[in-house]
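Structure, as structure tokens:
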Amino acid sequence: MKVHEDYHSLVHCIGSLDFSGEAVPCKLLLTGDTAFPVLVTPKKDVLIAAARYGKGKVVVMAHEGYLNMNEFMDFLKNAVSWLRPNSEANIGVQNALHLLADNLSVYGSRVQKTSTLTEGLGVFCTNGYDDSQAQQIISFVREGGGLLIGAQAWHWSYSHREENVLHHFPGNKIISVSGVYFTSDYGEKGKFCVTENIPQTTIYTSFDFSLDQKYLLNGMSQLDISGSNIPSDLLLHGALSFPIGLSENKQCFLGATYYGKGRVVVATHESYLSKPELKTLMLKVISWLDINQNRRIGVHKNLGSFAELLKGENIPCNVSSLVSDLSVYCCKSYSDAEAKAIHQFVAEGGGLLIAGHAWYWSYQNSDLDVLTHYPGNKILNKFGISILDRTIPEGNYKAINPDKTNEQYHFHRALCNLQTELQSSAELKPPLSTWMIKLRQDVTAFMRLPASPIISSIQSQFVEMMRTCDIPKVSKACPVSSCSKEALILCLAHETFTVSQECDESNNLEKGPSVTVEIDGTNPGNDAWRSTGLYLAPRKTAVLEFPASVVQQGLKVQVGCQADDLSSAEKYCRAPVVVRKCHVDRQKVSVSCFWGGLLYIIVKANSNLGIIPVKVYGAEPAPVYIKGKTNLDSWLQSVRYLPAPWAELITENIILTVPSDAIRSLSDPEALLSLWDKIMVSITELAAIPKTFPRPERFVADVQISAGWMHAGYPIMCHLESAKELTDLNVMQTVGIWGPIHELGHNQQKINWEFPPHTTEATCNLWSVYVHETVLGIPRNKAHGSLQPETRACYIQEYVKNGSNLEQWDVWTALETYLQLQEGFGWEPFKRLFKDYQSMSGISNDNKSKMNLWAEKFSEAVQTNLIPFFEAWGWPIEEATRIKLSALPVWEKDPMKPYLSAIKS
């Protein structure tokens, strides 16, 4: 980062600086993405700061006296040298700063004593008590000038108690555009060492935003964001940001911040700007943003309804892009075309109202990081607010109480409280204990924010904070409550293990041994994990080197396969998140994961990158058997004994990821995977799809999963106990594997012929029956206890007895409908319909229409009128369907007839 070069230029040959004299400094506050501390005291008070603004630079001293003291002259020489645009630049020095002017002259600078900023200067040295030239000085810096300025605001605050120091103190009207502010707080005095690298700033600076909240909320008791529009959550990570609207879970749907001389309000759905229930609030927002009440409001053309609302309230506004002379600008967050202009507009005193969500963008851009790449965040990150891809439930939420600001969740305050709590052996106390879920989510987001001096400083402090913690050893036998301090540490340990820790190690890795793996970069299906056959140990680093041609093509590197997020669980048998992903945005990618894991390359959907050679440093081989490729002798003698804790068994259409201990005694993986090949082919047969899956299905075993005993998806997740079921050939052939096939069946269900919630857990079992009977040779009555003839008859009798009520038609009763059809007509009609449905379009999404369509299509497939059968099961058959099928013969062997007769008798 260039900022490190800037810092070293400023402190070159400076060992310490003496602030112990009579002058009492104020603390400096830093915000934005260019400001950085130069001198920070042991109490974390910033006494010297620097920043860039536009083409120019600024150095700020926490007391004007330091500009005229011998103790600081060596540093000030460095500062002026760094500030000047060229070696011939004229240095303007305020008349009162005689010592500074004399010393700079001795050093060879072209010094001009002056009372004001004048033409022809390259650097201007002044105090911060006169703002009469504020705009000229800002323009001077923006266009490339250098500003050296000193002041303290604590004395000014005594006689201006009703005024906002950050906004009204003269010096802040000049330097705040650069992200540096004078404050009213006393700074620490003493002689302080200058650090080798940029010093760390305080994590949290307390500010009272209660007056702002009172003004904006104006006595409101509720904020109504009910309706169909789904908002995103906000991360308020700036020191001057604060919430306006919070959900019950502390998620923020409306936030505000000060930045430079201006103000910003962010709403996380554009509909809120013209929502009738929020009209009073939005009018107050416009008033708050219009700092000097100039009433020059610009509204982007894509917010036409909001412009009409303002005009209806006699608030003058123009529908336009960001143009000169506006006092407030209103726009959506879906474009960053005006980002640079907006940054300058706000910094120099404008008000910005920006609205939009990020969750939908993240769905459409799954290979991009919302914090870095979402257009709105390219505008907002700098201001200390970011829009997240997390959503907030709609609702009518209680308004914030401005009189209880100390109880309000604020990210920096929560981090500061956490630092104290982690040093204690006691359990978490309120308010931190009530903030845990939100804090955990915000840390996850904060650690992914694009680097800036302030962001990086807080991130590194948080990493150091976590290093002092003992990581709980959790397991199935020793779980921890999700509300405990141990759970929080488990969550945060993963997030604090950042890329910045990997850089030092990665350089040495590239001098060591490597292995080249070939990855299939052609992927016609959804995003696919490609196994590398390698394992990365916990807290170790791997470097992966990619061909230049595949960089920025949507590839990701992933460490770990236990992909379930357990955050909502009541107890944790492992950390909630243990997988790490990063984008292949450069040829050499360094990656590590606190928990370690198998190493994968994720290939984006519909990629056509061919075979990709990837050179990997720092990872070790895992026990992997690939059917048709791995040598059996090698497997028996060495591969299955490799020490990595996770193993994979790979064949064309399925990959099994299990603990290595589960396969140490596996002597015939070829036979096992041959059976799996047959199973997967049978899955495709019934689904009427090609025999080769677009991407292989995956099973992953885990100590804890997010739902059920197993659950479908990619990957299909199961508990560790299921590893034997997946890998023991004898168990599969004798007992069967109902559960795993049930989940594979879930992955084949299609919404066009599904009738949720009734058939969700039913039709997937068609594959379980089909595989057991056609591949494993296990009849349905032995494949599952619920398919014993007597049990099935009881289900039907009870269902019919209760009036064939569809509310009771689910799981086994719903499956029974399909089994009766199969037993009457075989599997072929199912295969035909599943194939036909793939080319059908315009199917209504309501169950009644879809059930009529299925009844019609199945009847036509078997040339039998099945209307009486489906009506016996309580299906809502329409007259139109009945007429369409009236010419077909009725099913004489309808298995429901005896049950209906029994009820009538």
Side-chain angles (χ1 to χ4, degrees), residues 211-232 234 242-247 252-257 262-335 337-338 341-342 345-346 349-357 360 376 379-380 383 385 387 392 394-400 402:
L211 292 178
D212 299 285
Q213 290 174 331
K214 284 179 181 177
Y215 182 86
L216 287 162
L217 294 168
N218 195 29
M220 298 178 196
S221 60
Q222 302 284 327
L223 296 183
D224 186 353
I225 60 167
S226 59
S228 59
N229 296 314
I230 302 173
S232 284
L234 284 176
F242 60 93
I244 302 172
L246 291 175
S247 74
C252 184
F253 52 86
L254 197 63
T257 189
R263 298 173 178 179
V264 178
V265 171
V266 184
T268 58
H269 201 288
E270 62 273 22
S271 68
Y272 296 165
L273 272 58
S274 50
K275 186 176 172 65
E277 295 85 350
L278 297 176
K279 183 172 115 175
T280 301
L281 174 59
M282 289 305 157
L283 295 177
K284 295 297 290 186
V285 163
I286 291 295
S287 178
W288 183 79
L289 289 171
D290 194 3
I291 300 169
N292 297 314
Q293 299 302 302
N294 292 324
R295 308 285 275 186
R296 297 193 300 269
I297 318 298
V299 181
H300 194 277
K301 62 183 179 181
N302 59 20
L303 286 173
S305 58
F306 185 56
E308 292 303 315
L309 183 150
L310 294 178
K311 290 175 181 177
E313 295 296 318
N314 295 317
I315 297 176
C317 67
N318 294 315
V319 176
S320 70
S321 55
L322 181 55
V323 295
S324 59
D325 294 330
L326 291 182
S327 57
V328 177
Y329 182 52
C330 311
C331 64
K332 292 184 183 180
S333 63
Y334 304 128
S335 169
E338 298 180 292
I342 289 174
F345 171 70
V346 174
L352 174 68
L353 173 57
I354 185 168
H357 53 79
Y360 186 69
I379 297 171
L380 292 170
F383 299 146
I385 296 183
I387 304 177
I392 302 177
E394 58 82 26
N396 194 353
Y397 293 110
K398 185 177 180 181
I400 288 170

Roughly how far, to the nearest 0.5 Å, is the CG atom of Asn218 from the CG atom of Leu281?
9.5 Å
From Asp325 atom CG to Asn294 atom CG, the distance as rounded to the nearest 0.5 Å:
9.5 Å
Testing the basics here: between Ile244 and Ala256, what is the closest heavy-atom pair and its distance to 0.1 Å?
CD1-CB, 3.7 Å
Test your reading of the model: is there a side-chain donor-acceptor pair from Gln213 to the backbone of Pro243, 3.5 Å cut-off?
yes
CD on Glu277 to CG on Leu223, rounded to 0.5 Å
11.0 Å
Met282 and Leu273: which non-hydrogen atoms are nearest, and at how many Å?
CG-O, 3.7 Å
Please report the closest heavy-atom contact between Ile342 and Cys331, naming both atoms and the distance.
CD1-SG, 4.3 Å
Quick one: does Thr257's side chain get under 4.5 Å of Val266's, heavy atoms only?
no
Would you say Ser333's side chain and Gly376's backbone share a donor-acceptor pair under 3.5 angstrom?
no
Could you walk me through whether Val285 and Leu216 pass the side-chain contact (heavy atoms from CB on, under 4.5 Å) check?
CA-CA 6 Å; Val285 163; Leu216 287 162; 3.9 Å; yes
State, yes or no, whether a side-chain contact exists between Glu338 and Ser321 at a heavy-atom distance under 4.5 Å.
yes
Rounded at 0.5 Å granularity, tell me how far CG in Asn229 sits from CD in Glu270.
7.5 Å
Ile230 backbone acceptor or donor facing Glu394 side chain under 3.5 Å
no
Given side chains that start at C-beta, do those of Leu283 and Leu309 come closer than 4.5 Å, heavy atoms only?
yes
Yes or no on side-chain contact (heavy atoms from CB on, under 4.5 Å) for Leu246 and Tyr397, after CA distance, side-chain angles and deciding distance?
CA-CA 7 Å; Leu246 291 175; Tyr397 293 110; over 6 Å; no
Are side-chain heavy atoms of Tyr215 and Ser287 found at a separation under 4.5 Å?
yes
Do Pro231 and His357 have side chains that get closer than 4.5 Å, going by heavy atoms?
no
Nearest 0.5 Å, what's the CD1-CG distance between Ile392 and Leu234?
7.0 Å
Would you confirm whether Arg263, through its side chain, and Trp288, through its main-chain N or O, come within 3.5 Å as a donor-acceptor pair?
yes
Of all heavy-atom pairs linking Leu322 and Leu326, the shortest is CD1-CD1, 4.0 Å
Is it true that Ser305 and Ser274 share a donor-acceptor pair across their side chains at a distance under 3.5 Å?
yes
Using the ring of each side chain (for Trp, its six-membered ring), is His269 parallel, tilted or perpendicular to Tyr272, with breaks at 30° and 60°?
tilted
side-chain contact (heavy atoms from CB on, under 4.5 Å) between Asn302 and Tyr334, worked out
CA-CA 11 Å; Asn302 59 20; Tyr334 304 128; over 6 Å; no
Distance-only donor-acceptor check, side chains Ser226 and Asn396, under 3.5 Å:
no
Could you tell me whether the side chain of Ile297 reaches within less than 4.5 Å of the side chain of Ile315, counting heavy atoms only?
yes
Checking Asn318 side chain against Gly298 main chain: does a donor-acceptor pair fall under 3.5 Å?
no
From NE2 (His300) to CD1 (Ile354), nearest 0.5 Å
10.5 Å
Side chain of Ser327, backbone of Arg296: donor and acceptor closer than 3.5 Å?
yes
Just so I know, are the side chains of Leu289 and Tyr329 near enough to count as touching, which here means a heavy-atom distance under 4.5 Å?
no
Nearest heavy-atom approach of Phe306 to Cys330 is CE2-SG, 3.8 Å
Considering non-hydrogen atoms only, spot the tightest contact between Ile379 and Ser335 and give its length.
CD1-O, 3.6 Å
